[in-house]
Amino acid sequence: MRFRRVAALLIICGIAFSVLGKSGMAQNSATKQAAKSDDIPKSIAESVSGTLQFAEGNFLGIAEAMPEDKYSFIPTTGKFDDARSFGEQVKHVACAQFAFFNEFEGKKPPDDCEKGGHDPAKTKAELIKYLKDSFDYSNGVLATLTEKNALDRVEGRYAGPSTKLGISVVAVWHITDHYGQLVEYLRLNGIIPPFTQKYGIKVR
């Protein structure tokens, strides 16, 4: 009799632990599911802004990594007769950010971004401030992108006509395009791009 009671007690305990274990697993699963859903963008604006901010951070890293005395650097190996200097590239990207998101807002964009725009920035510090200001502006405007206005028509000489979503995507592409160019400017001056340094990327 005593053996049967002990055996019954063990079975009951086993069932209890099993239920608790499954409950714990369910809670962990629910927690992981909640964490997983929090990892993805919650809106159209967030879907674009994450990539935009990543591109902006990499580009800003390159701008800060280049010494000021190299801001006038233009590659000479290869065909670079009409290429912009490093500083002119930075200024062009900053101006373009203002231009794309001016068009997003229905405002008249600068008419001279191909040459860097009318902002007087010249020194490294001034150009980096101009760049940061353009990124702050573009992120502020992008935050207004919604499901309702994503396909609203956008007019302008910079990538127009397009939509609000379309011009936002172009803004991301444009930064990455010039980032790729300036990676070479850095490497030709013996500087490894910060992103590559951070992750120790090696390609052989």
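Because only heavy atoms are used, hydrogens play no part in the values below, and waters and symmetry mates are left out as well, while side chains stay in. The chain is numbered in sequence order, starting from 1.
Phe54 and Val93 fall within a single hydrophobic cluster, where Ile, Leu, Val, Met, Phe, Trp and Tyr side chains are chained together by heavy-atom contacts under 4.5 Å. Connection of Leu127 to Ile74 is not established within any shared hydrophobic cluster, with ILVMFWY side chains joined at heavy-atom distances below 4.5 Å, either directly or through further cluster members. Side-chain heavy atoms closer than 4.5 Å link hydrophobic residues (I, L, V, M, F, W, Y) into clusters, and following such links, possibly through other members, connects Phe195 to Leu186.
Between atom CG of residue Leu60 and atom CZ of residue Phe135 there is a gap of 6.5 Å, rounded to the nearest 0.5 Å. Put simply, CG on Leu52 and OG1 on Thr176 are 10.5 Å apart, with the number rounded to the nearest 0.5 Å. Of the inter-residue distances, the one linking Met66 atom CE with Ile191 atom CD1 reads 5.5 Å to the nearest 0.5 angstrom. Remark: Glu147 CD to Leu165 CG distance equals 11.5 Å, nearest 0.5 Å. One distance of note links CG of Leu145 with OG of Ser47; it measures 9.0 Å at 0.5 Å rounding. Atom OH of Tyr179 is separated from atom CD1 of Ile175 by 12.5 Å, given to the nearest 0.5 angstrom.
The nearest pair of heavy atoms linking Thr146 to Asn149 is N-OD1, 2.8 Å. A pairwise comparison of heavy atoms in Gly61 and Pro194 identifies O-CG, 3.4 Å as the closest pair. In plain terms, the two heavy atoms of Ala96 and His174 that are nearest each other are CB-CE1, 3.4 Å. When every heavy atom of Pro110 is checked against every heavy atom of Cys95, the shortest pair comes out as CB-SG, 3.8 Å. The two residues Pro161 and Glu155 come nearest to each other via the heavy atoms CB-OE1, 3.7 Å. Closest approach of Glu103 and Gly160 over heavy atoms only: OE1-N, 4.4 Å.
Although no hydrogens or angles enter the test, the distance criterion places no donor-acceptor pair under 3.5 Å between the side chain of Gln89 and the main chain of Leu182. Not a single donor-acceptor pair under 3.5 Å links the side chain of Thr196 to the backbone N or O of Ile192. Side chain of Tyr71 to main chain of Ala63: a donor-acceptor pair is present (N/O by atom type, distance under 3.5 Å, no hydrogens or angles).
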Point to revise | Worked verdict on Glu56 versus Gln97 for side-chain contact (heavy atoms from CB on, under 4.5 Å) | key: CA-CA 10 Å; Glu56 289 173 345; Gln97 284 299 102; 3.5 Å; yes
Practice item. Just do the side-chain contact (heavy atoms from CB on, under 4.5 Å) check on Asp81 and Lys79 with the steps written out, would you? Key: CA-CA 6 Å; Asp81 297 346; Lys79 185 66 174 175; 2.6 Å; yes
Review point. Under the side-chain contact (heavy atoms from CB on, under 4.5 Å) criterion, do Tyr158 and Phe101 qualify, and how do the steps go?
Key: CA-CA 10 Å; Tyr158 299 105; Phe101 288 96; over 6 Å; no
Practice item. Evaluate the side-chain contact (heavy atoms from CB on, under 4.5 Å) criterion for residues Leu131 and Ser134: first the C-alpha distance (whole Å), next the side-chain angles of each, then the deciding distance (0.1 Å), finally the verdict. Key: CA-CA 5 Å; Leu131 189 63; Ser134 75; 4.3 Å; yes
Check your understanding: Given the rule in the side-chain hydrogen bond (donor to acceptor under 3.5 Å, both in side chains) test, do Glu105 and Thr144 qualify, once you have shown the distances and angles that lead to the verdict?
Key -> CA-CA 10 Å; Glu105 290 192 294; Thr144 68; over 6 Å; no
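Ion pair Lys124/Glu126 not flagged as a salt bridge, since none of the NZ, NE, NH1 or NH2 atoms sits closer than 4.0 Å to an Asp/Glu carboxylate oxygen.
Identified under the salt bridge (Lys or Arg N to Asp or Glu O under 4.0 Å) test for residues 133-146, with sequence neighbours left out: Lys129-Asp133. Among residues at least two apart or in separate chains, there is no side chain to side chain donor-acceptor pair (under 3.5 Å) pair with a member in residues 159-173. Among residue pairs with one or both ends in residues 111-120, those qualifying as side chain to side chain donor-acceptor pair (under 3.5 Å) are Glu114-Arg157; sequence neighbours excluded.
The side chain to side chain contact (heavy atoms under 4.5 Å, CB included) with Ser49 is formed by just one residue from the set Ile44, Leu142, Val172; it is Leu142.
A 4.5 Å side-chain heavy-atom check between Phe100 and Ser138 finds every atom pair outside the cut-off.
Glu88 and Ser72 share no donor-acceptor pair across their side chains, judged by distance under 3.5 Å alone. Using a 3.5 Å distance cut-off with no hydrogens or angles, the side chains of Tyr137 and Asn102 do pair a donor with an acceptor.
Proximity of the aromatic rings of His178 and Phe59 is defined here by a centroid distance below 6.0 angstrom, and this criterion is not met. Proximity of the aromatic rings of Phe73 and Phe86 is defined here by a centroid distance below 6.0 angstrom, and this criterion is not met.
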